[in-house]
Structures are given as structure tokens and as C-alpha cells.
4 protein chains.
Amino acid sequence: MTESIVISGGTIIDGRGGAPIKDGVIVIDGKRITSVGAVSTPVPPYATKIDATGKFLTPGLMNSSIYLFCDRPPIATIRYEGRYDELIIEAAQLALKGGVTTVFDAWGPREYLIKARDDINEGRQTGARIYCSGAIIGTGGPVSDDFYPDAREALFEYGNKLNAMWEQGVGRDLMSQSLDEARAAVRRYAESGVNFLKYAVTSINPEKPPYIVFSPRFQRMIVDEGHRAGIPVRSFSVSVEGIHLAADAGADILGHADVTGPSQGLLPETVDLLVRHRTPTPILATPEESFVWLKKFAPWYENIERNHRALLRAGAKVLLATDGGILSSNTKTNPVLTEVPYDRLLDDPTRGHFNWLLAAEEKGLNAMDSLIAATRDIARAYQIDSDLGTLEAGKIADLLILDKNPLDRAENYRSISQVIKEGRVVDRSALPTKRLLSESD
Amino acid sequence: MTESIVISGGTIIDGRGGAPIKDGVIVIDGKRITSVGAVSTPVPPYATKIDATGKFLTPGLMNSSIYLFCDRPPIATIRYEGRYDELIIEAAQLALKGGVTTVFDAWGPREYLIKARDDINEGRQTGARIYCSGAIIGTGGPVSDDFYPDAREALFEYGNKLNAMWEQGVGRDLMSQSLDEARAAVRRYAESGVNFLKYAVTSINPEKPPYIVFSPRFQRMIVDEGHRAGIPVRSFSVSVEGIHLAADAGADILGHADVTGPSQGLLPETVDLLVRHRTPTPILATPEESFVWLKKFAPWYENIERNHRALLRAGAKVLLATDGGILSSNTKTNPVLTEVPYDRLLDDPTRGHFNWLLAAEEKGLNAMDSLIAATRDIARAYQIDSDLGTLEAGKIADLLILDKNPLDRAENYRSISQVIKEGRVVDRSALPTKRLLSESD
Amino acid sequence: MTESIVISGGTIIDGRGGAPIKDGVIVIDGKRITSVGAVSTPVPPYATKIDATGKFLTPGLMNSSIYLFCDRPPIATIRYEGRYDELIIEAAQLALKGGVTTVFDAWGPREYLIKARDDINEGRQTGARIYCSGAIIGTGGPVSDDFYPDAREALFEYGNKLNAMWEQGVGRDLMSQSLDEARAAVRRYAESGVNFLKYAVTSINPEKPPYIVFSPRFQRMIVDEGHRAGIPVRSFSVSVEGIHLAADAGADILGHADVTGPSQGLLPETVDLLVRHRTPTPILATPEESFVWLKKFAPWYENIERNHRALLRAGAKVLLATDGGILSSNTKTNPVLTEVPYDRLLDDPTRGHFNWLLAAEEKGLNAMDSLIAATRDIARAYQIDSDLGTLEAGKIADLLILDKNPLDRAENYRSISQVIKEGRVVDRSALPTKRLLSESD
Amino acid sequence: MTESIVISGGTIIDGRGGAPIKDGVIVIDGKRITSVGAVSTPVPPYATKIDATGKFLTPGLMNSSIYLFCDRPPIATIRYEGRYDELIIEAAQLALKGGVTTVFDAWGPREYLIKARDDINEGRQTGARIYCSGAIIGTGGPVSDDFYPDAREALFEYGNKLNAMWEQGVGRDLMSQSLDEARAAVRRYAESGVNFLKYAVTSINPEKPPYIVFSPRFQRMIVDEGHRAGIPVRSFSVSVEGIHLAADAGADILGHADVTGPSQGLLPETVDLLVRHRTPTPILATPEESFVWLKKFAPWYENIERNHRALLRAGAKVLLATDGGILSSNTKTNPVLTEVPYDRLLDDPTRGHFNWLLAAEEKGLNAMDSLIAATRDIARAYQIDSDLGTLEAGKIADLLILDKNPLDRAENYRSISQVIKEGRVVDRSALPTKRLLSESD
């Protein structure tokens, strides 16, 4: 017999965009919601009752772009070799502690991401639900030229070994292969258990002009292989041209359409393309004070700001994204990161998403659209909206109970009273269950 | 009254592919050939007579890819600032000394190339006739990331100034511009007096996988702008994918279809593409012993060798190219260059083309096709074949008189007896008229 | 009641330089030797009897310079943080397995060296007896400018933390301090439990000319502070001038008098100085084939070879030294290390000393002097000869039983039958007790 | 018959420290002063008369440390190869324009310095009188590790050639030589026509702790060789220890006793040593606002400031020094140099010394001592005070006529009315006679 929960008395903001339901009742049976309404249907006997009077219910938050393991210097990488799943779970727990019930990991060591994902999904571990892509197709590993060439040289052959764990046979070498060889590698990868594909349209180093990684026919091949394997395909680019190429190739999600390099903002035709096709794009909205990393690249930042306004004004389908992850105390000694309190950055898995929501408010996105950008639209983008993203009968019971109305002020998302994931109340005080990389709050 | 020359008694190999004409006569009036034949038409009185009995006449050689000023460390660049045209003329004279009557300069400081070209064309200076492209669109200058980043840092702001002389507003920055901005820059450049456009399809650094520089629509724009300005467009690429992209964009000349990176050789479909469209491609054929620079990149070299065989077997339209230029005595101290006698390299403007012809022979190209690859087909590729490339009545009188038959052995191209350019016998012993960078032979 | 051992029937080479004792008897009571002679004194009842008929007995070997933990890339450093003593013990066990009963560790993390040393000395762990100096006074840690600057930058602040573990407050900063400040730091260090001091007379980077680290009065101060703390002081230098400075300062042991830079060998006056004062010097004698690392620095190597001959001819007091340590399998991928079989290098803690003995033989050192350079003279140099270094009544019972006569051929040192350390037969097959860095033999 | 000048009516500050002579008269005959006094001796007929009523006369200023050619990026070095004497003369003319009649060049290409010096001394060129040392013994050339390693690599072999011009066989290689070899090299150098020797006691790179370059006996050798050749010896050091070593070695001038590294200021014993032995030391006093270069090295700067105070309070014999030289417009694009107006830096040869005098005033040096530090004491330090440094009968007639009293305010040194060098009025408006590196004022 499954457990049942009845939450009554609160205001339900179901994530579908309609008016909130005052004095609403949500009935959960096992992992799923069985009813959502103003007047309760008969409730199961023995159900746990939660009095939500004066409180506010929303779907569990989602983060469309996170890096559950991404600490830059290869210290954790070496120290926890063979145990990266533990680091990934630690980050997923920190996200869940902050009300994020589902995360989309956009870069990491495939094998460990899948292990962590399955441990959580199959109930062996607590944490935010994970969907992951593993490698970025066409991009090197963490100590490669794309990220940290100095470190590779300092590590000799071991650097190549680390890179291989991330690259999984679909790294930069693909650029030198024939279409057929590359297709075989991508196919193998698409069938290796990942939830979506992510591929590089452009180079990643923000200090150089944005090179293009793959020709159009290679890009189409990657998208086709993702679809053949039944999973969505997301692009990575840092230029306007990159967005057009990814759109032409048929990518389902256009990563970071807000990041268009140092020299130009989004063109009207590009915004129009996004709006017309309703292609979702994770964006890195942050309160102005905390855009530290990109402030170093001031011309990039100015374009990003301008792009946010253009995208929101035109009604593009933006998604909450933080590109966050646990930074070790050592990494935080990086001068650029000490200029702003850590909890104001997007990085912090427990709080970064709150900063996104504040920024969206700052930039003029209305409160309901912000919520949808953080829930339903992410579920749709990743094609899991039959199960997740809204409070509706039949859906998995992921939800937040907040003390204050998030539609009044984005700040109110911080007022979490309870987090329910798959029909269970999360013991947030117990998270993370083990601290490896993170520091106490 | 113009001067006339009658050359009689030699075997004429006119560069059109037919059987050589024994005991032939060529009549030159002024700069042009007025007749070519086995039996002479009446010759002008007072004509200078050249007895070519036992000798062999060919069109003046052409080099489809040379860098008249390209010494790597920025020493000559600094020492001869404001006088690069003199260095360019020195190289053009060395080429002419070696029987090359026309060169196509594929990278250099536009302003000085044009000055040197015009000085030669208008008779103020002797030297091989120059056609030039100046900048490589999408690529940095000589001390940029694309070539020599160390040097730029050592020079402070002056490094940027040097780069700007080469980039001419169409460098790497184009990658970060909108299509319209980029088009304006390319248009301005195409109308600036250059003879053809050269653009980068891929990145240039052979130590990294080949990134793509421009999206297809950018590439098409560049080709269109070249054509709009009435000049041919040549691509640069170092990958199979790059060749396809350039072909799709409509480039008239595909630079280095033999260079396809370290991981793969030309695909049959690519060779087929080249052959079917008869798109000409300058290739770097060199005798195996002297392929020093690329030997450093052994996997590249192996593919290049394989590609040469594939291209020649399929009958692709290859063009003689050396990518040569004068190396200063200091540059020759670079260890990689001391492994092989300098006169066996492609670099030497006076002899590099002979090495190409030897290599073509080595690789099985028949003697007549080799000659055509070094003359007529280059003229056609650059769309100047109404004036140059063969020995025909009406054409400009550029020709070589050789002591030995070049169709017997490629080695025989070295047996130059006389060089005639625009109807005048060249005083080869007087070249170069001034030695700045080059050392005595 | 202590255990007793009687070893009889073998040829005793007691390490004092006299003629070997045939058919000798050694009696051990507890940890010490109670008699050594041709005719046995009465042996204790219940003594364990070892029949050494046909075998050869020598003192346990010593290594005057080893680095028990020194793997270059900071991988083991990170992975085993907090457990370096285990790595150190592993190396000490490998040395013991090879017949080395005492090692002098000349650089490493003080805290862990002392822990490992005490664990072994107090019987909690097996392994070669360790004497250690910890820091090299005046030199940076493992990822500092002195060793591996790239690695430090790749590690951010953590690099400084690692360096501090090695530097212990007496690193390069001392060069910028006043004599009084520096004295206080050295005094603190000399009293911190290390067995000897090692200080840098010159810089360490073999690619640069040898700078001098400390002025004469600083050097005298360091020597004085060592002596004040009752421990010997050893210098490090890589130039002739450095040897003179260290000798003038009163250093007890002159590190590497054989290493005198790329430009000059030892001067006669320098050899004379060493001989006259009988100052011992650890030297890096290796069979010519295996001097890989220094072959990279050919001019250095030639001087080292010349110096060895000069030192041996003059009768300088040389000591067996390997500067060895366990190299991880990753480190062995360093191309320079793959040119020679690992077991022919000095590095291998189990076999490096055999290579030294072979090299000494090659260079003409007579067999008895070689043995003394590997035993008694090391004990004297480090002022522990009242307990160790020879087979004499009263001394600690460290000895080897060899199948073949080491005085016949240095190769015969490999024929170890048994190793006895502190009166106990070592179970060599059980070493190392735990493999962390080393690979199976 | 020589020319005579009588300057009368002004206040004479003769540089000997006594009370100024009001309404004084100076008689110059040819190059020398024949009388200085309040009441004129009979003046030669036909003498040129200068009315200095209301003005102030001082000895010509001296700069004890200047680099007449030192532009950092190797651009001028390449562009003016073979003509460095012209650049040196340009700088010497700029100095003379600013009232500096004698400069001591402390680093540069020997051959060209000597040519420029002789051209000026022998009247072929105008300019400040030059004394020069050429190489810094024990230090590399301008694109060596000591100064600009990046540039050397960018220049291939040519970098070594440039370095050799500066090093003259007494560069860093000396560190690896035997005392005898080094002595031979230094002797050769000391006899090569330089006016004094400068040698490195410590390394030069301010970003690293100060290594010691030469052992005491090497240092003594260098000093001895200087004295043997009859020229003074000056040291270079950046640490307290360096000062003691140089003083012990017997150096005549201790370079930069104010620069003692980032960690410590001068010790009382060191100041005492300088004062007791009256050893002169050029110091880099600058107005606080303009100490840009060293502000980058804040801890260095704080010690320098403290050292200045300690030296002046104790009465040490400090000398005006700027380490200046012409910076090209390109070099001025170095961000660190754009923070302060160029004319407030010490670098500017025409004005840097004024800034020194202002700074000395700021730091409390009295006006008469400042003047002596800029004239007589420099002449004494370099052992040329029998000819130069004061206004006395018999001395060479180098003097300034100022509109305002420099003893009132250091600022008044700027009020130059006339400069007389060797008995001739300098046409300052004509200087420099040719602008190569400098920009117009």
C-alpha cells in the first residue's frame, strides 16, 4: 500500500499559467499527484495531512543547466577518482535542499553521472532528479585545451586519462574524422544511457573569437543521431552565427542564446527565429552585482544584458539555467570569485537558482513566466512534461511549499517551508548527507 | 616602334598539351607573341634573332602560391618597415631568376604588395609578375595567435600595429561580426586593388584540430563579394570538411586540397567533387626528402602523400604551389630547417618550384600534365588565361629557353638558358638587383 | 629475554676494510651484534642458527641520498594527502627489500617523514631505517619555481599549501629575510625533529646558470644552527663555487660534489679541498647507459663523468647516493624515462643502489672502497657510526647474507640471500606490505 | 687663442657646501674656469660677458645612473641596428637640454656607448658628457632571461646575437666558469675602454627572491680587476645581503642601497656600514606620485621609502640617479606607464632628475646636500672630481644659470636660463639635433 499525503489550505500555483487556486487541496498517492483542486475530492483515509494554510504551493523547481561536478583545478578530480558519483550526489542534494527537484547536468564524466542518476532515481540516494548529457560532443575534457591546458601539462599522461573520462570518444578528435567515423562515434555515445546530447557549435574559450566546431552536415548528423536514439539534442554556442547553425541543424534546445560574444548582440532575425520556432534556450540571468566571471569580459557582458532584454521583450522561450556547481574552498580563492559573496553567484547549487529568479524579475520577466521558465518549459524542452513540470493530477509529485507568495516577489522563493519530491517530504536539514567538496552553509 | 624577337630552331612545348613542335619558330613583337609555328611566317626586319637550335621552349613558369614576404621572426618586419615593397621585389626577382615569370602571392601586407606589383607591371622594377590577395580573410596578422603569439606580446602595442597591416580590417574580428558588418568589410577589401580574395575556411594552426572559421552563409558572402568585384576567390583549409564547405560556397580555387589534417585523408567523394567540378587546387608536392616542416607533423604528412596520389590518379586539377619565400639567414637557424639543404626545400623562390616538379614526377604525374599544372592551369584558375599560360599568338611573351628537354626529366627544368618576360630577355645574372633578406646563391 | 641469532660458516666482510674473515661467526643478541670472529665465542643456548656456509656477509647497505616521496606530477600528492607516511614507508620497504637497511632522505614533507621514520624505528612498521632532513633550506616546495611552476598555477592556492608542507618556513623566503629572522626560522626548524639539515648553496634548476642562494654569513649561520641542535649539515650545490662556499661554511657533508654545472669540471684545488678535509660527498655514479636524465644535459654529464674520475683518483670520500624514489606508472610515461629499462636507473629504490655499485666498479673504485662508500663512510658522514655501518660487536645488527662474493664483482650484490635488520631476518617477499605508488616487480 | 667668458652679477652656489657668493663673478677661459669669486680678478679683454644679475649659478648637474639606450621591446634595437650611437647621443642631448652636463651610463651596448661618448668628448657631437660601464658583469643582455625572455624566443638566433652585444663576454656565463676563466674575461673587459665596471651581486628580476650571482672571491676578483685597470667598480644588488657582500668585496659605489627587496628594509648595521665607510650609493628617489613601476611591487616600494629615510637621517652619501632613458611612444603604451604623466617619472632624460630633486626635498634632504648629491659627490664617487663637480678655478666649466634660487625650492632647478658645458653656452633649443626615439616635448 502506497503512502498518501493531503496538502490543504494553501494557494496553489500549478505552473500552467492560470490564476492561483486559493485554499486549494493537493492529494498525492505514492509518487504521483492524484488531484489538484479548490475543493477536495474525498481524501484517502490514513493519509498524512499537511496544513498549508497561508502558504503557497508550486511545482518543484528545475535547473536546465548545471554542472554537478566541475571544480576547476584537478584536485577533487584526483582525490576522488573512482568516486565522482559521490561528488555528483552531494551537488544534487544541495540543489534539492534549495528546492530544485530536477536538474539537467550539461557536462561531466558520463559513467559517474549515470551511476549517481540511477542511485537517486532508484531510491538508493536522496537528491535532485538528474538528467545528464555527459560529454560535450566536439569539446575536450577538463584539462584539455578547451578548459585548462596548463593542468594537462602538469599531469603528464594522466591528463589524457582524465580528459578521456569526460570526452568518451566524442571529443575534439571528431573534428578530424570523416562524417562516417564521427557518426559511428556519436551513435555509440547516444546509446550509452545519457538523457540528452549536447554538442559544441562553437569553440568554448571566451578569450578568442568563436570558431565553428562542426560543419552543417556534421551538425545535422549529431541531431539525427540524438533523435534516432530518442533523446533531445542541445547545442552550445557563443555567437549569433552559432545559434543560426544550431537552429538550422534542428537542435531541440539552443544553449545560451544570450551569449553572443564580445562584438555583437542578437540580431532581430535571430530573436525572431527563436520566437517563431519556439525553441527553448537556457539563459544565464543573474543579478547585475554578481555577474563577476563575465564582468571580466565586459564586452561579452554588455551583449548578454542586451540580449536578455531582447529575448524577454520578444517572448522567447527562456529557461532557468545556472551552469553552477560546487566550488571547493580552494577554488573560491580565485580572486575573481572573492569579489562577490558566494551566495550571490549562480554557482551555488543551493541558491544559484534564486539569484536567477531575482535577475529575471530585475530584467522585467513577469512572475508567472519566471515560474514557468523554471518548471514547465524546462520539462517541455527536455520532453519529460508528461511526468514533470506542473502540479496536475497524474504527474509526479514534486512540489514546494513556500511561506511567502513567489508571485509577489522573486525573493520569496527563498521562503521554502517544505520540499516534496516523488510524494515524500524531503528532510532538507539532513542534506547533504556527506560533505566532500562543499562547505557548511 | 616596338622591339621584335624571333626565336628559331628549338622545340616548342606550348603548354596546350599537344605534341611539341620541332624546329619551331616563335615571333615576338613588343610584349606579345605574334606567331608560333613549325614554319615561320615572315619575320620582321630588324628583329633580334635567337638561335634555339637544340633547345626547348616552354611558357614561363607560374607559382600559384608564394609568400613574397613571410620571414617569421619580426626582424625584417621591423628593420624594413615602410620598405616591404623592396623585400617583395627581391623575392619576385629571385623567382624570375628561376624561370617563374608570374607568381600569385597568397598572404602579405596589401599596401606593399600592390606597390611592388605595380612597380613591376609598370616597368619601374624587374621581377616576376605579381598577382596578390593581401590578407587571408578571417585570419590574424604575422604576430597574432594564428602565427606567432609570443612575438606579439614581446612587442606591446606595436604588435597590433603590425597585425593590422596584414589584416586590413578583414582579420579574425570578422568572426565576431554580423553578416552585414562582415560583408561591408569584405566589400571594402575586395575593391582595394587586390587580384583575388583568399579566405580561411578553417583555422591555420597545424597543432590543433581544424576549427571552422566561417559559417556557410559567411563563406558564400565572401565568394559573392569577390565575384561582385570581378576577382576570383580562393579558400584556405586544412580538413576534408573544409574543402566541401569551400566548394559549396563556390570558391574558384580550393587551397591545398592535399592538406587534410592528421587523422584522415581525402574521401573518394571529395576527390570526386574536385574532379567533377574541375576546381583547381594548389598543392604542396615536394620530394619526400625535403618535406621537413610537415615531417614534424608526421600524421599530416602521411595523409598529404596519400592525397597526392589520390588526386593525381583521379585527374584532379592540381597547380604548382610552394608557399615559399625568402628565409633570412637567421630564420634558417631554426633547427627544423637545417636538416635539409635549403635548395631542396620548396621555400627558396629561385628553386622551390623545381623541387615541386621533381616531386610531381616522383608521384607519377606525367611530364606534360606537370608543365600544364605549372602554367596554363594556373592561368585559367586565376582567370588570366587570355593573356598568359601558353605559347600562342596573341599572348604575352613569357617563355623559357631550356638546354634540355623538360618532358624527359623534370630535373631538366633547371637547365635554363634564357628567360623572356614580356618580350624582353631577362638579365638573370643581375637578379636580385639588391640583396636585403636573401643570401648569395 | 631477547632473541639470539648465530650466523656461521660464511665469509665476513665487516666493512672496516681489512681482509675478509673466512668461516666466520657472527652472534646477535637482540638488536645488536655481540661478537664477530673467525672462531666463535660460546653461543647462547636457544639461539637461532643460520648456516651461511659458502655465503658472504656484509653490513646492511646504506643510501646517503634518497627521496622516499618525490613523484613529480602532483597526483600522488593530492590523492594521498594526509597519508604521505604510507608512501614513504612503501619506499623504505622497497629499499629494505633490496638490502638497504638505512636510508637518508634528503627532501620531503617533514611531518610525514618523521611519522614514517618513527613508525619504523619504533617497530610499528617494517622498512629501511630512515634519517631525514625534510626541507631543503632556501628552496621551494614541489610545485614551486624551483621544481614545477606550471603545476602551482594549475592548482591555485592549493599549490601554495603543498609547497608550505615541504618548505616548513625555511624555503626561498629566507633569501629575503634579515640574518636574525632567518636564524630564528632555521633554529626552529633544526629543533623540529629532523636528523640533519640540508641547505641550498646554489639554485636547483639545471637549465640555468647556478645562482648562489645564501651569502657566506647566512651559510655559516645555517651550519651553526645545525650544530647547535646537534645534527650534521649537508649542502646542495651544482657548481664548483658552491662546493667551496659550503666547505668554507663548515658543512659536514657536501652534496653532489660531482655535479658542477655544464661549463666546468672540478678544479684540482677543489678536489684537493675535499680530500684534505676528508669531507664526504654523496655522488650519483650510474652505469653510463642509464644516465638518462642528465644525458638530456649532455655538458653536465660530461663534467660529472670527469669529476667522478677525478674524485676517485684522488681518494675523495664518496658516498653511495641515488636521489631515487618510487616513480608512479604515470610518471614513467615521461619520454625521457622510457629510453632505459627502469631497473637500470638509479631511481628504483629496490635496485638503484646496485646500479651505483656497478658504476663505481666501472669507474675504477676498488671493491672494498665501494662497500665502505655504501656503508661505513655513510654512517660516519652522518655521525651514526657508533651504532651502524660495520659488522662489529656492539653495533646494531644490520647485515646482508649474499650468495656470491661482492668483492669479486659488484653485480654480486644482487645475490641477496637474507637481509637482517636489527637482529631480525626480514621477510623480503612480504615487501612492500601495501602497494600504493609502486608497481609489481 | 681660446674663448673667454665672464659671468657676473649672479649668486654663485659652487657645490662645495659653503655659503653662496652674492654678486659673484666666474671667469672661464677655454674649457676651464679660471676664477670664481665675489670680486672679480681682472677679466680678459675680448671676453664674452654674461650678465647674471638676479640669477643663480650652480655646477652642471650630474646623473649617476642613466640608461641612454634601454627601450624594452626589441623594436628600436632592430630598427637602428648599427646606429645605436645615434640613439645614445639623442638621449645625451635630452639630458643636456635639462641641465645635466655629465651622465653615467650603467648598462648598454659597449661599442656604441664608447662611440657616442667619444663623439661627444671629441666635439663631433653635442650632448651630456658620458661615462659608461657597458655590460653588467654577470647579467644577460636585453632579451635574455634577466630582462625579456619572451622576446628572445620570438627572435630565434638573432636574440642571442643581440644579447652578445650587451654581454660582451661577461654575462651570465661567468657564473659557470672557473675563477681563472672569469678573471680573464673580466680583465679583457676592464681594458676595453669602459669608464667603470658594474657587476651584479644579485639577480635582477624583481619578481623573484634575490639570488646571489657571484661568490665573495669572484666579487673580489671583479673589484680587483677594475682597480687594476684604473677604473672604479660599482655593484648592483637588490637585497641587504647584497650590499654587505659588495661592501666586503670593496666596491667603490654601491648601486641602489635603497632597493632591498620586498621583505626587509635596511638594517641599522647596513646603514652604519655605508655611513662609516662613506661609500656612495645612487638612489632612486622619486616623488611619491610617480613611483609607478615599483608601486606594482608595493612591498618593495615601502621598503625603499623607509630606506630613503634611514639613509638620509644617517647622513649616507646618496647620489642622484634616475635609471632613466628615452621610452618610445610604443613603450609608453605599457599600461603601467600611462598611469602617471611621463614628465613626472624619473625616466625622461630631460626632466627625470628634477623629479629626483623634488623627491629628495620631500624626504627631508636639505637643499645644499641635494645639490652636492647631484654634483660633487657623483664626481667624487666616480673619481673625476679633480675636473668636475664644483665651480672652482681649474675645473672644467660646466655650469647652470638659473632664474630662481634652487636652495629655496627644488622646483627652481627647472628655471634654467642657460647651460654652459666646457666653457660653451649650449643651444638648448637645438636639442636633440635628430629625433629618432623621442617625441617632441
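First the proteins, then the strands, lettered A, B, ... as listed; each starts at 1.
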Separation of B:Ser176 OG from A:Glu241 CD (nearest 0.5 Å): 11.0 Å

Heavy-atom neighbours of A:Arg278 CZ exceed 12 at 6.0 Å: no

Sub-4.5 Å side-chain heavy-atom contact between A:Val213 and B:Tyr211: yes

Between OG on residue A:Ser263 and CG on residue B:Asp173, distance to nearest 0.5 Å: 6.5 Å

Under 4.5 Å from any heavy atom of chain A - which part of B:Gln219: neither

Atom pair CD/CD of A:Glu181 and B:Gln264 - distance to nearest 0.5 Å: 6.0 Å

Heavy-atom pair count under 4.5 Å with chain A, highest-scoring of B:Gly261, B:Pro210, B:Gly138: B:Pro210

Point-to-point distance, once rounded to the nearest 0.5 Å, from CE of A:Met175 to OG of B:Ser203: 6.0 Å

Chain A interface, residue from B:Arg172, B:His244, B:Lys208 that has the most non-hydrogen pairs under 4.5 Å: B:Arg172

Contact residues of residues 247-257 of chain A (partner chain B; heavy-atom separation under 4.5 angstrom): none

Check: B:Pro209 and A:Leu174 side chains under 4.5 Å, non-hydrogen atoms: no

From B:Glu269 atom CD to A:Leu179 atom CG, the distance as rounded to the nearest 0.5 Å: 7.5 Å

Passing option when B:Ser215 is tested against A:Thr202, A:Val201, A:Val240, A:Leu245 for side-chain contact (heavy atoms from CB on, under 4.5 Å): A:Leu245

side-chain hydrogen bond (donor to acceptor under 3.5 Å, both in side chains) partners of A:Glu111, counting only residues at least two apart: none

